[in-house]
Amino acid sequence: MPEQDKSEEKTRLIKAYTAIVLSRTLDNKIVVSQRQGRVGFYTPTIGQEALQVGASMALQDKDLIYGYYRDVPLMLHRGVPMENIINQIMGNREDSALGRQMPSHYCDKKRNFMSVQSPVATNLPLAVGSAYTQKYRKTNSIVLTTFGEGSTSAPDFHAALNLAAVYNLPVIFLCENNGWAISMPVEKQTLAEIWTKASAYGMRGVRANGNDLLETYEVTREAVKRAREGKGPTLIDAVSFRMGPHSTSDDPTKYRDVIVEEGSDKDPVIITEKLLKSKGYIDDKFIESIKTRAEKIVNDKFEECAKIPAADPSSAFTGVYKESSWMLDEEVKDLL
Amino acid sequence: MPEQDKSEEKTRLIKAYTAIVLSRTLDNKIVVSQRQGRVGFYTPTIGQEALQVGASMALQDKDLIYGYYRDVPLMLHRGVPMENIINQIMGNREDSALGRQMPSHYCDKKRNFMSVQSPVATNLPLAVGSAYTQKYRKTNSIVLTTFGEGSTSAPDFHAALNLAAVYNLPVIFLCENNGWAISMPVEKQTLAEIWTKASAYGMRGVRANGNDLLETYEVTREAVKRAREGKGPTLIDAVSFRMGPHSTSDDPTKYRDVIVEEGSDKDPVIITEKLLKSKGYIDDKFIESIKTRAEKIVNDKFEECAKIPAADPSSAFTGVYKESSWMLDEEVKDLL
Amino acid sequence: MTEMNMVQAINNGLDLALKLDDSVILLGEDIGINGGVFRVTEGLQKKYGEDRVMDTPLVELGIVGMAIGMALTGLKPVPEIQFQDFIYTAMDQIINQAAKMRFRSNGDYTVPMVLRTPYGGGVKGGLYHSQSGEAYFAHTAGLTVVTPSGPYDAKGLLLSAIDYEDPVIFLEPKRLYRSIKEEVKDGEYKVPLRKASVVREGDDLTAITYGSMVPTVKNTFEKHKVNGDIIDLRTLVPMDIGTVIQSVEKTGRVVIIHEAPRTGGFGAEISASITERALESLLAPILRVTGPDSPFPYKMEDYYIPDDRRIMKAVNKLLEFR
Amino acid sequence: MTEMNMVQAINNGLDLALKLDDSVILLGEDIGINGGVFRVTEGLQKKYGEDRVMDTPLVELGIVGMAIGMALTGLKPVPEIQFQDFIYTAMDQIINQAAKMRFRSNGDYTVPMVLRTPYGGGVKGGLYHSQSGEAYFAHTAGLTVVTPSGPYDAKGLLLSAIDYEDPVIFLEPKRLYRSIKEEVKDGEYKVPLRKASVVREGDDLTAITYGSMVPTVKNTFEKHKVNGDIIDLRTLVPMDIGTVIQSVEKTGRVVIIHEAPRTGGFGAEISASITERALESLLAPILRVTGPDSPFPYKMEDYYIPDDRRIMKAVNKLLEFR
Ligand SMILES: Cc1ncc(C[n+]2csc(CCOP(=O)(O)OP(=O)(O)O)c2C)c(N)n1
Ligand SMILES: Cc1ncc(C[n+]2csc(CCOP(=O)(O)OP(=O)(O)O)c2C)c(N)n1
Ligand SMILES: [Mg+2]
Ligand SMILES: [Mg+2]
């Protein structure tokens, strides 16, 4: 690799690694805070950092993302300010949804990160429609949408992939295959490997080791390139592992043994560190300093955000229509 | 082939051919009657006779069928009395649904032919549930469900195939691939060949030439055998051609040229005749006599059924619950 | 001005919308080369191309979901569901995505989509080609539910809906598609959403109805010389409560007519809203003349749909009540 | 008799049903090894095996569709939808298959299925874990809509529903899952469907409510010593109109309380049914205290759900009205 490229790669990988560490640190902080009652609910992202950041590395700012409730690493790498994420989780006055949505339901229009819903896979047809806009308007932007492997059983997955293929749209379906849908292991969810489902739509499907930052990046980059060149959609099956519980309400000991311990060889943070070390981009000192800095950033941001007051109660009952309905106006007068 | 087997095959194939001819004759009769205003609506089956009869040949009486609105040949071969079909289409007092359902919405519990609905593909999850019952109750019966290739885009297709595979159920998905979904050709419906969609569920998928009675029979027989042996579901892509309009309300000249003329070499009736002739089972005289007899049977049955009076109007407003609701009772008093 | 039936008027409205604004995209099953099973989109694909009048695969939730995704990125999609009876697989997209998007994103993302679909009986469609499901949509905050009762309104309401910045469920009474002709303005004009229209005036009672039943009620009142107001709601939600209450305060007697089953139908909301606000004006019980609480039948549809006889039974009961 | 909360009572009812009849099959997401996200099915898979308590892939329409197919072939499926908010992709199966099967096959095929699902707010679930969609089901002829308000009724109604030969939508108020304990009979007993229960008696007014709101209304009446009937409908459709009208004729004043949004909510049907039948008994407008016409919010859910203050506002308005 020429020096110039190597230096670019180093910058890119350090940015990626930083996002991974920040995200892991934030994740742990929120989980602890939830237990302390400072946060209502949360869907941890632990274990899915490398694949999300790898995919994000392949995107441009103008590309659209229809993410899901587990996409903090992706958002951080993309440049969504950490306080936006924390404010959302706290549902305070600065939350994009003013406390209307549950925690983990992010939205950041400035960074083209669309509003997250709870019903799984229902973002996929929307992503397809938005990809249609890009093609129709010749924007040269593409759309990426994320979802879990359990969500591939949902009807919207089927609808979206077929439509994307038929209209040859610039959209990438990134399956964050963490092996579990709450208590349902992927082997019982479906008998086929996820990436092979693409062939049912005449679409390209590929698998990536989701714990390998660079592999996910390369696979996504290829998909992005094809999409931008008008060569159509790709389904990426990024295989990783859900290291945490499904959510802070979930007790995984009911249905599984822990298989990947934090800090073990299979932890994507450790795998990414090894990668960067092997390339000579970072060393233990760097790792320590970045983790210390991450702790401080996360703690500071968290405390800052915790001070932001709740939105005015009335904000939970407005903004349903552009022009309000008289019914709601009347009802709100009664209930506030 | 030993004599015994040959004679059995002859009986079987003549029964099949007879059903095909009867069905074609009935089809034409109903289409003409619709133009004369004697029938309200109809979805012709012309072109799909060989595949339906071929599939039916592989079933036992105890097997369940979840069919769709184009399954007259299948029903006739199975032994559904022709008058049941005509009565349904006329919606008279003898209709299984007492004139409640549109024409082409058959039901014959005695022959294990389940009630047909209009929304496409929504019979598929039901077929899976009923297949579950067979497995759970160890009945050794299997379930066959039919649908058009357009219906593979519908969400229920996706749900049903995945569930059937995951629970390894004795169910056969027979796609009657007639090339069109009203005005939408299969090439625009989906980019993949229909039989390949099975692989997305880890299921066996096979293609059959649906105009070839024996091929469809063999393919279905193999699928039935596997299902009965506990080897799970199969998707069969039986490729034929919709020779008629989508329905009597449809004008196909708006969107396509006629490609298969009745009586041409591609007509499954002609293809089946050739097959039976080549085996020495029938000759031209037999063909003529069977067609003449079919004309007579169809005309007689039709006129008989036409004489059956309509059901009492009140029957359109009963039978919603086992124990009627007071609301409906009250409403019906007002409207009759 | 040209004399048009409702199919022609909607076709004309869509044509105009497509011409005036290249953000407008039509999508649905068989709407392109085939011109729609009711011919509402006839000729439009030829005129505006396959990328603006899109034939879709057979998947209602995909049609609606894609349309929402288009709307979120600046287009103005007008999806068609071939029969309202087939909309239910798309209910999640409608209820959980379209209706809630503005609220949950605090206005960052909005869904200016007009979801067109023919509804109601009268074409011998049986259980699955005759349903009137307006109540399902009317109960869903975030949706605006509109139904025209004639060609002029159909075009004018459609153009308003396309301009509206929130999702509109546009229910077309298929029974009226070709049965009424009216003079319709050739160019652009709008009939406002959220505004009822008083289609006949009188003092003795108030008939409240919408969509497919409006002509029936009008004909009944004319034939039997009923001296009453007939209110065509046009927009069900948000309902034009002012017009309703004003009439009720004048007449004191109310009959509500719709084709959908009575229990939980939109008539219940109209009745409840009136009782809440104008009980003291009521001189008689509020009556509902509706479809019965049973699936829509094939053969006996003329009994199912409210008719002259049933409407007059209610009218007479109201007038005789004291 | 054992003291149980609603989770325990339903679990106990399911256990009994599974034991008594091998046609009973439970299916749903995470109901097996995990015991359900609310623990309602805890321990049942272990006891009855994976073929009777089935963990399913993530596909609501498949869960419901499969259950219908089981019911059509002699089983008694009890599918669970994890949250009622996620039921909408299965609406077509519910409306077009389950509800219409008996009618369209003239009784040859029937759907004895009990579709269980937790609904309503109070667990900080936001837009998608808090909905009360009963009105969608109540408007669908062919369905029977049931919702218990406490542990005893929950078990008894569930056992009636499993025995019933038509599809039942069994809505479990998740807010009450663990908040109330009652003495519950250990063995089999039934609480009849289609029968309301008068949970408190009084002369001044009638409160009509169901499911999640019943304890709130009871507490409010007790605390403020309101002298009124409280009717817990238990079965919404077909509604027990006799009990309702009898009370209204006694009191002449009616307040309806539910958590779902007002417009097109089931309260509208209750109100309309009363006005139709008992206008002359009414001494005051029928009032509705309901959730507002907006999506269910995360943070401000205590404002969304009718409370003591709002109920008393309506009660006082009714009592003062003359
Ligand atoms: C349509 C729908 N059904 C059920 C749920 C409840 N639920 C939330 S997450 C989840 C599992 C999703 O698994 P997967 O798609 O693999 O994503 P993961 O949580 O593993 O990232 C379920 C069943 C839901 N959100 N949406
Ligand atoms: C869910 C649904 N959407 C739309 C329709 C209207 N419709 C009736 S048949 C049909 C085409 C079906 O094509 P295919 O599945 O190939 O069956 P075929 O009619 O060709 O036998 C359509 C769109 C329907 N019945 N159901
Ligand atoms: Mg997962
Ligand atoms: Mg076809």
With a 4.5 angstrom heavy-atom cut-off, could you sort out which part of [X] is near chain A: side chain, backbone, both or neither?
X	value
C:Val237	side chain
C:Asp166	side chain
C:Leu27	neither
C:Asp92	side chain
C:Ser23	both

Heavy-atom contact with chain C under 4.5 Å, split by part of [X]:
X	answer
A:Glu330	side chain
A:Ala316	backbone
A:Leu64	side chain
A:Ser141	neither
A:Val143	neither
A:Tyr321	both
A:Ser96	backbone
A:Leu161	neither
A:Thr318	backbone

Option that, when pairs with chain C are counted at under 4.5 Å, heavy atom only, ranks first among [options]:
options	value
A:Glu323, A:Gln134, A:His158, A:Lys135	A:Glu323
A:Ala159, A:Ser115, A:Pro155	A:Ser115
A:Leu163, A:Val128, A:Val166	A:Leu163
A:Gln101, A:His105, A:Gln117	A:Gln117
A:Asn123, A:Leu124, A:Asp156	A:Asp156

When you measure from the side chain of [X] to the backbone of [Y], do you find a donor-acceptor pair of N or O atoms at a distance under 3.5 Å?
X	Y	value
A:Ser130	A:Ala127	no
A:Thr146	A:Tyr68	yes
A:Ser325	C:Pro238	no

Closest-packed option against chain A by number of heavy-atom pairs under 4.5 Å, given [options]:
options	value
C:Thr56, C:Val59, C:Leu61	C:Leu61
C:Gly107, C:Gly74, C:Ala67, C:Gly142	C:Gly142
C:Lys100, C:Arg52, C:Met101	C:Arg52

If you apply the rule side-chain hydrogen bond (donor to acceptor under 3.5 Å, both in side chains), what do you find for C:Ser281 with C:Glu249, and how did you get there? CA-CA 5 Å; C:Ser281 304; C:Glu249 284 173 349; 4.7 Å; no
With a 6.0 Å cut-off on the ring centroids, do A:Tyr66 and A:Phe147 count as close? no
How about C:Glu50: does its CD atom have over 12 heavy atoms from other parts shown lying under 6.0 Å from it? no
Verify the neighbour count for atom CD of A:Glu229: are there more than 12 heavy atoms of other residues, nucleotides or ligands below 6.0 Å? yes
The single option from C:Val114, C:Asp22, C:Asp163 passing side-chain contact (heavy atoms from CB on, under 4.5 Å) against C:Lys76: C:Asp163
To the nearest 0.5 angstrom, please state how far the CG atom of A:Asp95 sits from the CG atom of C:Asn106. 8.5 Å
Which class fits the ring pair C:Phe86 and C:Phe83: parallel under 30°, tilted 30 to 60°, perpendicular over 60°? perpendicular
In terms of ring plane angle, is the pair C:Tyr210 and C:His258 parallel, tilted or perpendicular, where the classes change at 30° and 60°? tilted
Check this for me: does any side-chain nitrogen of one of A:Arg228 and A:Asp63 sit under 4.0 Å from a carboxylate oxygen of the other? yes
Check this for me: does any side-chain nitrogen of one of C:Lys47 and C:Asp15 sit under 4.0 Å from a carboxylate oxygen of the other? yes
